[in-house]
J.: 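I have a structure I would like to understand better, so I am pasting it below and will then ask my questions one at a time.
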Amino acid sequence: MKVHEYQAKEILNKYGVPIPKGKVAFSPEEAYQIAKDIGGVVVVKSQIHAGGRGKGTFKSGFKGGVKLAKNAEEARDYASKMLGEILVTHQTGPEGKKVEKVYITEASDILKEYYLGIVLDRAKERNVIMASSEGGVEIEKVAAETPEKIFKVWVHPLLGLQKYQIRELGFALGFSGDIFKSFSELLEKLYKAHEESDATLTEINPLITTKEGKVIALDAKMNFDDNALARHQEIASLRDISEEDPLEVEASKHDLNYIRLDGTIGCMVNGAGLAMATMDVITLEGGKPANFLDVGGSATTERVKNAFRILLSDKNVKSVLINIFGGIVRCDVIAEGVLAAAKEIEIKLPVVVRLQGTNSEKGMELLKNSGQNFITAKDLKEAASLAVKAQKGM
Ligand code: GDP
Ligand code: MN
């Protein structure tokens, strides 16, 4: 689960990580009031679940999702240009994201910008802390072009973050004296916040130093492990459904593992591994999957019906591929679910079906006798190829 910058900062600040003073606003008038209370120069920051806001452009033509405002009047003006508008950044995709709130913070006097991030390294089975003196800019670019400028330490899950590791990172960033001390304290708190909140990602870009010798988290991004939210009610309550894909929200209500993608072939598969393989084979056959969907090993007719309905409501879908390997789930149950969905919604698109395993003949029989026009395939390669060729309006 993702949260907004202001929410991530509130969590980090509870652990003592220094952040600029600020408050979230839902209207230009509120932005004005907050800016007036803070006094002096403030920053007006669009709150969306995506980065790259500073360099982003609004569909209205207005440039910049993060703006420095000289006074409260200017803050109100910037807020009115951001609120309700669609912001496009390199992370939102061309469709952009609507700004529903802005974060008003005191402006910091930046000496230098750094990058600091914590993420799980699955290959090494431990958290990796990454730091770079090339902060502020896109860290992906630094990683691709000058990877030697990113320093990493891996934290042992039982031993935790060690002092020598903090020193290693601090020295790598060129810190000494008071700034080094501030950085050490910040990193210790940041790591604690990350671990205790079951975050999968904590990213500070930029982490800044100031002339007064302070180290501050100027931006913050946190993602949380969905499977751990049950033990973090406070974090779970920060969920902002308006930031999520409506179809994914609908799918999560039915406990379906559905992730929307930008292709045209809707897939319904049982098992995450088979779903990944199906997406690969579709790609090899020259198509593009519209989604990842794992209906699960214990799919019921109701579940399959909902899954089918959800994947069909994606307007980009031009054909459907149902790929089931019946192990625990029975193929006839899948067929019944598809037919139940077909009763409620008229299927106008070509549907390719491959059923293998438990009760596959029975499932195929049900589909054949349904009066619906399903295209059947024997194996995955054939199924993918048929689904690619069958696409309507391509
Ligand atoms: P992002 O573009 O979505 O990553 O948003 P950030 O919060 O990182 O802000 C983008 C950029 O705006 C930062 O890299 C800074 O250069 C600049 N910025 C943000 N806050 C301040 C501030 O308080 N003072 C100054 N001088 N610049 C800021
Ligand atoms: Mn940033």
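As the structure is a prediction and not an experimental result, all values here were calculated from the model. These values consider heavy atoms only, across backbone and side chains, with no hydrogens, waters or symmetry-generated copies. Throughout, residue positions are numbered sequentially from 1 according to the sequence presented. Both counts, for ligands and for their atoms, begin at 1 and track the order of listing.
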J.: Would you call Lys305-Glu344 a salt bridge at under 4.0 Å N-O?
T.: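 Salt bridge between Lys305 and Glu344, a charged N being under 4.0 Å from a carboxylate O: yes.
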J.: So is Asp219 polar-close to ligand 1, meaning N/O to N/O under 3.5 Å?
T.: yes
J.: Going by an N to O cut-off under 4.0 Å, is there a salt bridge joining Glu244 and Arg239?
T.: yes
J.: Of the non-hydrogen atoms in Ile38 and Ile104, which two are nearest, and what is the gap between them?
T.: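 Result for this residue pair: CD1-O, 3.7 Å.
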J.: May I ask you to decide whether Asp240 forms a salt bridge with Lys2, counting only side-chain N to carboxylate O separations under 4.0 Å?
T.: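 The answer is no: the pair does not qualify as a salt bridge.
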J.: Any N or O of Leu68 that comes nearer than 3.5 Å to an N or O of ligand 1?
T.: no
J.: Looking only at heavy atoms, which two atoms of Lys59 and Glu95 are closest? And how far apart?
T.: NZ-O, 3.2 Å
J.: Of the choices Leu218, Thr105, Val42, which has the non-hydrogen atom that lies closest to atom 28 (C) of ligand 1?
T.: Leu218
J.: May I ask which of Lys221, Arg53, Glu113 has a heavy atom nearer to atom 1 (P) of ligand 1 than the others do?
T.: Arg53
J.: Which atoms of ligand 1 sit under 4.0 Å from any heavy atom of Ser108?
T.: 22 (C), 23 (O), 24 (N), 25 (C), 26 (N)
J.: Just which atoms of ligand 1 are under 4.0 Å from any heavy atom in Ala107?
T.: 23 (O)
J.: Is the shortest distance from a Lys or Arg side-chain nitrogen in Glu285 or Lys381 to a carboxylate oxygen in the other one below 4.0 Å?
T.: yes
J.: Between Arg354 and Asp379 (salt bridge meaning N to carboxylate O under 4.0 Å), is one present in this structure?
T.: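 The answer is no: the pair does not qualify as a salt bridge.
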J.: Counting only nitrogen or oxygen atoms and a 3.5 angstrom limit, does Gly51 reach ligand 1?
T.: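 For ligand 1, there is no N or O atom that lies under 3.5 Å from one belonging to Gly51.
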J.: Is there any N or O on Lys55 that sits under 3.5 Å from an N or O of ligand 1?
T.: no
J.: Which is the closest N/O/S atom of Asp219 when seen from the Mn ion (ligand 2)?
T.: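 Nearest to the Mn ion (ligand 2) within Asp219's N, O and S set: OD2.
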J.: Residues two or more places apart in sequence or in another chain: which of them pass side-chain contact (heavy atoms from CB on, under 4.5 Å) with Val3?
T.: Met1, Gln7, Ala8, Met222, Phe224, Leu238
J.: Distance under 4.0 Å to a non-hydrogen atom of Pro206: what atoms of ligand 1 satisfy this?
T.: 8 (O), 14 (O)
J.: Between Asn205 and ligand 1, which part of the residue brings a heavy atom under 4.0 Å of the ligand: side chain, backbone, both or neither?
T.: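 Contact part for Asn205 vs ligand 1: backbone (N, CA, C, O).
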J.: Which of the atoms of ligand 1 are close to Lys45, meaning less than 4.0 Å from one of its heavy atoms?
T.: 7 (O)
